[in-house]
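Have a look at the structure below before the remarks.
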4 protein chains.
Amino acid sequence: MSHNTFGHLFRVTTWGESHGPALGCVIDGCPPGIEFTVAELQQWLDKRKPGQSRFVTQRREADAVQVLSGFMPQEDGETLITTGTPVSMMIENTDQRSKDYSEIARRYRPGHADFSYDVKYGIRDYRGGGRSSARETAARVAAGGLARKVIPQATIRGALVQIGNIPINRDNWNWDSTDDNAFFCPDAETVPKWEAYLDEVRKAGSSVGAVVEVVAEGVPAGLGAPVYAKLDQDIASNLMSINAVKGVEIGNGFGAAEITGEENADEMRIGNDGQPMFLSNNAGGVLGGISSGQPIVARFAVKPTSSILTERRSIDADGNEVDVRTKGRHDPCVGIRAVPIGEAMLACTLADHYLRHRGQTGRI
Amino acid sequence: MSHNTFGHLFRVTTWGESHGPALGCVIDGCPPGIEFTVAELQQWLDKRKPGQSRFVTQRREADAVQVLSGFMPQEDGETLITTGTPVSMMIENTDQRSKDYSEIARRYRPGHADFSYDVKYGIRDYRGGGRSSARETAARVAAGGLARKVIPQATIRGALVQIGNIPINRDNWNWDSTDDNAFFCPDAETVPKWEAYLDEVRKAGSSVGAVVEVVAEGVPAGLGAPVYAKLDQDIASNLMSINAVKGVEIGNGFGAAEITGEENADEMRIGNDGQPMFLSNNAGGVLGGISSGQPIVARFAVKPTSSILTERRSIDADGNEVDVRTKGRHDPCVGIRAVPIGEAMLACTLADHYLRHRGQTGRI
Amino acid sequence: MSHNTFGHLFRVTTWGESHGPALGCVIDGCPPGIEFTVAELQQWLDKRKPGQSRFVTQRREADAVQVLSGFMPQEDGETLITTGTPVSMMIENTDQRSKDYSEIARRYRPGHADFSYDVKYGIRDYRGGGRSSARETAARVAAGGLARKVIPQATIRGALVQIGNIPINRDNWNWDSTDDNAFFCPDAETVPKWEAYLDEVRKAGSSVGAVVEVVAEGVPAGLGAPVYAKLDQDIASNLMSINAVKGVEIGNGFGAAEITGEENADEMRIGNDGQPMFLSNNAGGVLGGISSGQPIVARFAVKPTSSILTERRSIDADGNEVDVRTKGRHDPCVGIRAVPIGEAMLACTLADHYLRHRGQTGRI
Amino acid sequence: MSHNTFGHLFRVTTWGESHGPALGCVIDGCPPGIEFTVAELQQWLDKRKPGQSRFVTQRREADAVQVLSGFMPQEDGETLITTGTPVSMMIENTDQRSKDYSEIARRYRPGHADFSYDVKYGIRDYRGGGRSSARETAARVAAGGLARKVIPQATIRGALVQIGNIPINRDNWNWDSTDDNAFFCPDAETVPKWEAYLDEVRKAGSSVGAVVEVVAEGVPAGLGAPVYAKLDQDIASNLMSINAVKGVEIGNGFGAAEITGEENADEMRIGNDGQPMFLSNNAGGVLGGISSGQPIVARFAVKPTSSILTERRSIDADGNEVDVRTKGRHDPCVGIRAVPIGEAMLACTLADHYLRHRGQTGRI
């Protein structure tokens, strides 16, 4: 049972709420002998950090990761080497505004988990969303930083490909662009359109959804399994575990429903290097649940945050009908910050399957 | 590790290929005291059985399920009662045409897992697709039949909502219609369109994709968990484990990316019965990973089968470039038979989460 | 959750009762490319089979194992090669005497699980002990046969080292002797003593306990983990899962409690072959939860079967005080047949840890 | 896979070494609504704390537990209530003497895991035993404190019943005595004998083994399962996971091997309260893997620590033969402090099985 754990051999357990003293994760099963620095992990957390543009929440957290176990420090004072024992990481919560929660403690915010938490547990940490806080994802991003080191041959990147009903133009795709704007947008031409649109959304106190694409290149063929440990299944599962995600697709995804078998199946040839080569990648790098050596491509839909400044109808825990309006910091498009989180989940999934494949077959 | 297992408390392990003597499943963790008959399970298998119309594969298998353990027979000679020990079910393979596989044994069919199997395992059961055969899903459907009994308050149904680029008209939705046509189509007006289109596809030796929708009504609020055991995550994972599925969405899914927070969040009121009531169901019945009491709604995209009668370019295991054309039985739209499979996977997921919720909280 | 599963990467799920149509197991995670024959597996089942001497139960079952999935047959018609997919094995029940169970259906036999089953499940398969039947172990022995092939460098053997209060003389230990007598006794001199004693026990309709020792030589150093996946912990757990086992020890076990640190710690030197060498093996081949390369040595205590011909006081399901006497076939020392079962559990544990070690570290 | 996790529904993951900044645990699956205080948890840690008598190691650690997540604080400022989300606990390491490890970094201490760690991982945290440090058990004891709250009807206690070859006299058993001496000894008459003996051992710089008994009274009947989730199996597994434990037994354990079925099977009658009653408890409270309602009784053997002041022969990582003598703090009988650890492991096992039983059957 893994209510708060994912992965089998590279196994990540996260803990913590936004309003406790800290949050973190424990990574069990990390191979020994992996060199890393805290600074390397921190760079991924920094990418996810709130407050970096006007288009995301203004909450300000240092999000400084500490590594508490599972390593031997090296003489340079920076490099750590994993020992194969659990790697525990912790991020202290520093921006807990002391705030009066009495109003929302018993009101169910529409679109939030308030109601379902109360039914399930009979008790709920209403301060900052409890376990459903987006802060929980900081722990995933830290874990993802280590996961990348387990499968260093893979290049794992993400991009925002749609905000509201404005998709990018895929012909303009340029990975380098993703670092040049506040949206991780790979299409420079789309950036100003999104800026204009999101400014509008932001000023209206509204929010909007988005679609994220994550890609892993250089993944060895052979990861995954035919039925219930399909690589694409586990990628989908792990992406769906991110807050606010409502859909996932691999390769051409829902588009595959619309085309014929001739159009969809990726043909093969022998490349100039004498290696097998695919002529297209509708499959998104996964055939029959197993990686094919092509780039792994997945997309996921992020709903608009339900914390908006407009009043909405709801009820409270006492059965009264009430109107609810979210106060305080506001995030017009949570999909933006989902990009580094999606990368992290993909990295963890691949690291896990790399070890699983090695365990069962020894062929890697 | 669960290469061939899904679920935690209601735990299903399947085994078998299409060309061995049999296939089946073991259900571990089924509650004791559940009454069922083999005939009840068989009805679900019959729904999935091939050869029932010209739009699906003509392979003919009796698909007769046997229950081998985990029950006490009752005096009526039909009713079985679960004892809480593993329920083993087996379906014998009866339509294994003796066939010459020498040609395809070393050729990689485009869109199939042949290549990735060979890379992963170094050996492959090329007879009938091995573990990736659609026959494996018979075991899931049998398990789903028992899962429904674990959570009898839920009504779990599925329908085909799109073939190729022809969607149904949702205004015509009528669950009763799904029994009246070869497509499990809930919109009687769309049926003739699909017939005409699929006849064309079939005659061309081609294939086409589809979208399936599965719905569970009557599911108690409280199933699931906030992060890595989200109910929607596990539904997505289990649906993605079905062969040929390339995308999954919950509620309005990818549509959520396109709208605002005002439009997306489901408002609440107190109903005439004094109970909490939602005014819409964009969430698809899951809030923050936990069921809300609304209908659970999920959709998944099924790609067109890659077994088509047109020659396609590929390579073989010896590194030669070859042309491959699938011979023999042909399935123009595998998405059709995915309907009962999707229902079964949803049923198993709900049964599992029902027990998990009861285990952790005792609140059900 | 694994009520009926053990192992993580080499994962064995068993199912079946003595009075259903069959019992069996599914092995998930077996490496691909392992050659085996059904006859090889059958030899281990034959070793465990009842009715081979007057000292064990006279129940007669063919115990013929069938392999239903997970292999490719080879041209010789005998050899099978694993494909990496689940290996399903089944053993049909053939000696189910039609018998009147009405008397025992509601009576709790002392020392049996009748009472605790009823409390737990509210229903119980009283025919032949249900899931607690010794027949369940046939599935383990079949799995153990395949496990040995996963770690062929290990020689895994077992012996009976004590019956009642008559231990063997360890100075006479000779593995070859274990094949020469009905007890798997490694000390020829003890055999006649046990024969005389057990004849007495048998004629009295009584039963007696025993101690089994299992040893694995040739196990590579490095299997296991420091805390909750200790190799000795998992061996203990798996041996304790055998019916009637009440205690387990590794190396000198409970004897370690009685001696000093000087006496207990195994000193090391460099052997003539230049390799590390231990001067004793009090640790039983496991240091800090990890194999050291020395022989793995474990012992387990088997209680006397509670099915005896003497009347014992008990109660029934209706709360009446009753006297219970077991009728029918009688097993004076179930510990004897526990020898091949113990070997099988050790083999499965080692196969699992071999794959786990390879998965995490790649150092094997 | 659970290298550092135990339990299924009450799931404990521990992390940390003795020489990192901290160690701790994450408890996943704890039921919501459980009230506890940090002080309550601390009392169990204090019981385990080193330095409390001359018979245990003089290492001095505050062992102050912090609770970082999974709770709502109550108005009294002390009481915490679990929310059903992961409970993370941390204990900072405060007594890390800066010490020169260069001598032991490459030497294999006999009886320690140094050699097997190096073979397994190729790297080893030689500072204070790394993950094998007894400090790791502090996290278990903290978890055990919360586990007791999950199954409050059970009274879980432990006692030391043997040091070296000096057992207690069981006729003198008095639970109250365990609080009156440095040994958790339930037999006041044995205390001076142990004192005299251990003073001798201590002055000789030697060490000696011990046997611990743990007992749970008030455990409901019905916990456990017939085969691979036997309650006694999981107790044995979890006790074996404690450092230095070499054997475990349930009820009369190895003693069961020596007696007959008549002597061993616990007879039943109806008690004066109209309830089922056992006339003896050879089974140790577990029948067929399921609790019977009688007290659960388990014993485990703890080997003498290998850290002794006498020189022992060994080798180093470079293949040289060396002599090793442990310097510094010395623990003449690690078995003493194993008492609260054993209690904690028993508590965690029972809490887990309580939830598992509730999940599958709903009968509790």
Side-chain angles (χ1 to χ4, degrees), chain A residues 1 3-4 6 8 110-111 113 116 119-120 131-132 162 164-165 206-211 221-222 225-230 233 236-237 240-241 246-247 249-250 253-254 256-258 260-262 264-265 267-270 276 287-288 290 292 301 303-306 308 310 312-315 321, chain B residues 1 3-4 6 8 110-111 113 116 119-120 131-132 162 164-165 206-211 221-222 225-230 233 236-237 240-241 246-247 249-250 253-254 256-258 260-262 264-265 267-270 276 287-288 290 292 301 303-306 308 310 312-315 321:
Chain A
M1 285 283 293
H3 282 134
N4 293 282
F6 63 97
H8 290 263
S116 55
V119 175
K120 181 176 190 75
R131 188 70 180 139
S132 292
Q162 184 179 325
N165 54 14
S206 183
S207 64
V208 71
V211 177
V227 277
Y228 306 114
K230 283 177 189 279
Q233 171 188 8
S237 176
M240 283 293 293
S241 77
K246 299 301 286 182
E249 56 184 11
I250 305 292
F254 277 86
E258 305 192 8
T260 64
E262 287 82 358
N264 191 61
E267 295 183 294
M268 298 184 77
R269 292 279 90 171
I270 299 294
L287 282 172
I290 299 168
S292 67
K303 71 174 186 182
T305 179
S306 309
I308 48 178
T310 313
R312 307 295 289 158
R313 289 174 291 173
S314 189
I315 62 171
E321 300 194 333
Chain B
M1 284 284 292
H3 282 132
N4 292 282
F6 63 96
H8 290 263
S116 55
V119 173
K120 183 177 188 74
R131 188 70 179 140
S132 292
Q162 183 179 326
N165 54 14
S206 183
S207 65
V208 71
V211 177
V227 277
Y228 307 115
K230 284 176 187 280
Q233 172 188 8
S237 177
M240 282 293 292
S241 77
K246 298 302 286 183
E249 56 184 12
I250 305 291
F254 277 86
E258 305 192 9
T260 65
E262 287 82 359
N264 191 61
E267 293 182 294
M268 299 184 76
R269 292 280 92 172
I270 299 294
L287 282 172
I290 299 168
S292 67
K303 72 174 184 182
T305 178
S306 309
I308 47 177
T310 313
R312 306 296 289 158
R313 288 173 292 173
S314 189
I315 62 170
E321 300 194 331

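Just so you know, these numbers come straight off a predicted model, no measurement behind them.
Residue A:Ala210 touches chain B through its backbone alone, counting heavy-atom pairs closer than 4.5 Å. Contacts of B:Thr260 with chain A are made by both backbone and side-chain atoms, with heavy-atom separations under 4.5 Å. Looking at A:Ser314, the atoms closer than 4.5 Å to chain B (heavy atoms on both sides) sit in the backbone and in the side chain alike. Proximity to chain B is limited to the side chain of A:Ile308, based on heavy atoms less than 4.5 angstrom apart. Contacts between A:Gln162 and chain B at a heavy-atom distance below 4.5 Å involve the side chain alone, from C-beta outward. Heavy atoms of A:Asn264 lying under 4.5 Å from chain B belong exclusively to its side chain.
For the atom pair CE (B:Met240) and NZ (A:Lys230), the distance works out to 8.0 Å, reported to the nearest 0.5 Å. A distance of 13.5 Å separates CZ in A:Arg312 from CE in B:Met268, rounded to the nearest 0.5 Å. Considering OG of B:Ser206 and CD of A:Glu262, their distance stands at 3.5 Å, rounded to 0.5 Å. We find the NE2-CZ distance between A:His3 and A:Arg131 to be 12.0 Å, quoted to the nearest 0.5 Å.
Among the candidates A:Pro226, A:Gly111, A:Ala265, A:Gly253, the residue making the largest number of heavy-atom pairs closer than 4.5 Å to chain B is A:Pro226. Of the residues considered (B:Asn165, B:Val208, B:Val227, B:Val211), B:Val227 shows the highest number of contacts with chain A, using heavy-atom pairs under 4.5 Å. Put simply, of A:Ala113, A:Ser132, A:Ala236, the one with the most heavy-atom pairs under 4.5 Å next to chain B is A:Ala113. In terms of non-hydrogen atom pairs under 4.5 Å with chain A, the most contact-rich of B:Ser237, B:Ala256, B:Pro110 is B:Ser237. In terms of non-hydrogen atom pairs under 4.5 Å with chain B, the most contact-rich of A:Pro304, A:Ser306, A:Gly247, A:Ala225 is A:Pro304. Counting heavy-atom pairs closer than 4.5 Å to chain A, the top residue among B:Lys120, B:Glu249, B:Glu258 is B:Lys120. Contact count against chain B (heavy-atom pairs under 4.5 Å) is highest for A:Ser241 among A:Ser292, A:Gly288, A:Ser241, A:Pro276.
The backbone N or O of A:Ile270 lies less than 3.5 Å from a partner atom in the side chain of B:Glu321, making a donor-acceptor pair.
A perpendicular orientation is assigned to the rings of A:Phe254 and B:Phe254, their planes being inclined by more than 60° (bins at 30° and 60°).
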